[in-house]
Amino acid sequence: MPQFEPANFLPQMVWLVVAFAILYFGIVKTTLPRLGRTIDARENQIMGDLDTAGNAKAEADRIQAEYEAGVASAQEQARARLADARSEAAKAIEAKLAETNAELNKKMDAAEASLEEARAKAVGEIEAVAAEAAAAIVEKLTGTRPDEAEASSAARAALA
Amino acid sequence: MSANNPMEQFAIKTLHPLSVSGYDVSFTNSALWMLIALGVVAVFMVVGTIKPQLVPGRWQAALEYVYDFVVGVVDENVGPKGKTYVPLIFSIFVFVLACNLLGLIPWVGSFTPTSHIAVTLALALIVFSIVVIVGLVKHGLHFFTFFWPKGMAWPLALFIMPIEVVSFLVRPFTLAIRLFANMTAGHVLLKVFGTFVVSLGSFGALPYVFGAVPLAVNVALSALELLIALIQAYVFALLASIYLNDAINLH
């Protein structure tokens, strides 16, 4: 077996040490740290990006919450204003109704008053006519015309 | 018949004789394939990090995948203090993986350096020395309390301590032999079934027919060897990080 030939040992060991030294100091030590740095940089970048994304999400959440609060308060305001407007309108309608009612009542009173007046006038006229007629009847029957006041009081007594 | 010898594939061929102050350090096919593995890893890593981007391209994503895997292994076994040793474990993992996988390429005369105990032992000794050095630097002489089983009655502990010492000292060898044996066994198996394909396939009365069975086995074995190549690289890196953990977080 050539592996156990003592003469083969030294040259191979020396060349292995040479090759391994070149590999370690010449190749791996010069290239691997660059790779390690790149990987670290990538990790940092990813972490940074994740951080940024997290912050952005928090900011977005905050803005959304703010927006929702704004919408809710606007709705609340609108509702309050609507209720106000509704009650105001109801009040105005009531006031107008009351005013109109009062006016109507006044008109009704006036109409009633004038009706009463007209009736009284008519009754007065009827009295006068009745007294006149009664006086004329008495004159025809008795030949004497009764006193004007007496006739009218008698007519009034008869009419009442 | 030498081409049919399943051990022939592990032969070390000197490509360029070299000697430094009397010691033989010839450039062999093993060294060549270590350098090829080094080159593949270098291309993989340099292209993958030539322009590191936050959104990775294919090369970078592939490299990051391997890197994440190693970081996961180290993190799991050593914890946050192990971050400094990620490049080391990464180097071990990709180097062993590249050697294992390149050795499986057929026809190009590929050689698997990790099928030689000299290579795996050297790698294991590197890991072992680093573990010892890290342990001594971090904890000073306190590091040797590692061998004293905690919370045990002292007569028993006295008995256990030598076992702990031996099991610690034997670590580089088990680490080396595990990888070497797996790689060697796999390649021998592939080679043996390969020779079966030829010898059964050239059976005179019914040529090719009987070669199909060992061929099918070889296809399945190749898939298994790919898996083993990956798993052994993982196991080597995993054990290296477990040993490092012992040195960094004493007990």
Side-chain angles (χ1 to χ4, degrees), chain A residues 1-70, chain B residues 7-12 14 18-20 23-28 30-32 34-35 37-38 41-42 44-56 60 63-64 67-68 70-71 83 86-88 90-92 94-95 98-99 113 115-123 125-126 180 184:
Chain A
M1 245 175 129
Q3 280 94 329
F4 298 127
E5 203 78 50
N8 287 341
F9 269 65
L10 189 61
Q12 289 200 83
M13 288 179 130
V14 169
W15 278 102
L16 173 92
V17 171
V18 169
F20 194 74
I22 295 172
L23 175 70
Y24 183 70
F25 294 107
I27 299 167
V28 170
K29 274 292 204 181
T30 56
T31 55
L32 209 61
R34 282 154 60 93
L35 193 71
R37 274 198 298 277
T38 310
I39 290 173
D40 285 351
R42 179 185 308 142
E43 240 152 55
N44 288 341
Q45 167 114 42
I46 288 172
M47 286 299 155
D49 284 359
L50 281 180
D51 267 9
T52 315
N55 289 345
K57 187 180 162 3
E59 175 73 10
D61 283 351
R62 197 183 59 70
I63 288 172
Q64 191 187 0
E66 228 166 60
Y67 166 77
E68 265 162 17
Chain B
M7 290 301 156
E8 188 258 0
Q9 56 182 323
F10 302 117
I12 298 288
T14 301
L18 207 68
S19 132
V20 174
Y23 293 107
D24 177 28
V25 291
S26 302
F27 187 73
T28 60
S30 174
L32 173 68
M34 282 187 232
L35 292 189
L38 183 64
V41 170
F44 181 54
M45 298 210 54
V46 170
V47 174
T49 57
I50 201 154
K51 229 166 135 202
Q53 249 138 21
L54 284 187
V55 179
Q60 196 190 332
L63 187 56
E64 275 182 21
Y67 176 74
D68 276 345
V70 174
V71 167
K83 218 163 167 45
V86 167
L88 177 73
F90 183 89
S91 305
I92 291 169
V94 289
F95 186 69
C99 285
S115 69
H116 268 257
I117 192 156
V119 173
T120 59
L121 186 63
L123 207 54
L125 283 174
I126 290 174
F180 140 75
T184 303

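Every chain is numbered from 1 and lettered A, B, ... according to where its sequence line falls, protein lines coming before strand lines.
With a 4.5 Å cut-off on side-chain heavy atoms, I117(B) and F9(A) count as touching. Counting heavy atoms from C-beta on, the side chains of P2(A) and H116(B) come closer than 4.5 Å. Considering only heavy atoms from C-beta on, V28(A) stays 4.5 Å or farther from F95(B) through its side chain. Residues Q45(A) and L54(B) meet the side-chain proximity criterion, which asks for heavy atoms closer than 4.5 Å.
Ranked by heavy-atom pairs under 4.5 Å with chain A, the list P113(B), P87(B), C99(B) is led by P87(B). Put simply, of V14(A), I46(A), T31(A), the one with the most heavy-atom pairs under 4.5 Å next to chain B is T31(A). Here A31(B) is the residue among S19(B), A11(B), A31(B) with the most heavy-atom pairs under 4.5 Å with chain A. Each of I22(A), V17(A), T30(A) has some count of heavy-atom pairs under 4.5 Å with chain B, and the biggest count is that of I22(A). Among I92(B), V94(B), T14(B), L125(B), the residue with the largest count of heavy-atom pairs under 4.5 Å with chain A is I92(B).
Closest heavy-atom contact between L16(A) and A122(B): CD2-CB, 3.3 Å. Of all heavy-atom pairs spanning R34(A) and I50(B), the tightest one is NH2-O, 3.0 Å. Minimum interatomic distance between A19(A) and L35(B) (heavy atoms only, all atoms of both residues): CB-CD2, 4.4 Å. Between W15(A) and S26(B), the shortest heavy-atom contact is NE1-O, 3.2 Å. Closest approach of F20(A) and I126(B) over heavy atoms only: CD2-CD1, 4.1 Å.
Annotation: M47(A), atom CE; neighbour count of heavy atoms from other residues, nucleotides and ligands within 6.0 Å does not exceed 12. Residue Y23(B) places its OH atom among 12 or fewer non-hydrogen atoms of other residues, nucleotides or ligands, all under 6.0 Å distant.
Only the side chain of I39(A) comes within less than 4.5 Å of a heavy atom in chain B; its backbone stays farther off. In this structure, the portion of L18(B) lying under 4.5 Å from any heavy atom of chain A is its side chain and not its backbone. No part of K83(B) comes within reach of chain A, as not one of its non-hydrogen atoms sits under 4.5 angstrom from that chain. Heavy atoms closer than 4.5 Å to chain A are found in the side chain of Y67(B), but not in its backbone. In this structure, chain A has a heavy atom under 4.5 Å from the side chain of F180(B), while its backbone stays farther away. Both the backbone and the side chain of Q12(A) come within contact range of chain B, with heavy atoms under 4.5 Å apart.
The CG atom of L35(A) sits 5.0 Å away from the CD atom of E64(B) when rounded to the nearest 0.5 Å.
Remark: side-chain polar atoms of Q3(A) are paired, donor with acceptor, to backbone N or O of S115(B) under 3.5 angstrom.
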- Message: For F44(B) and I27(A): C-alpha separation, side-chain torsions, deciding distance, then whether side chain to side chain contact (heavy atoms under 4.5 Å, CB included) applies.
- Response: CA-CA 10 Å; F44(B) 181 54; I27(A) 299 167; over 6 Å; no

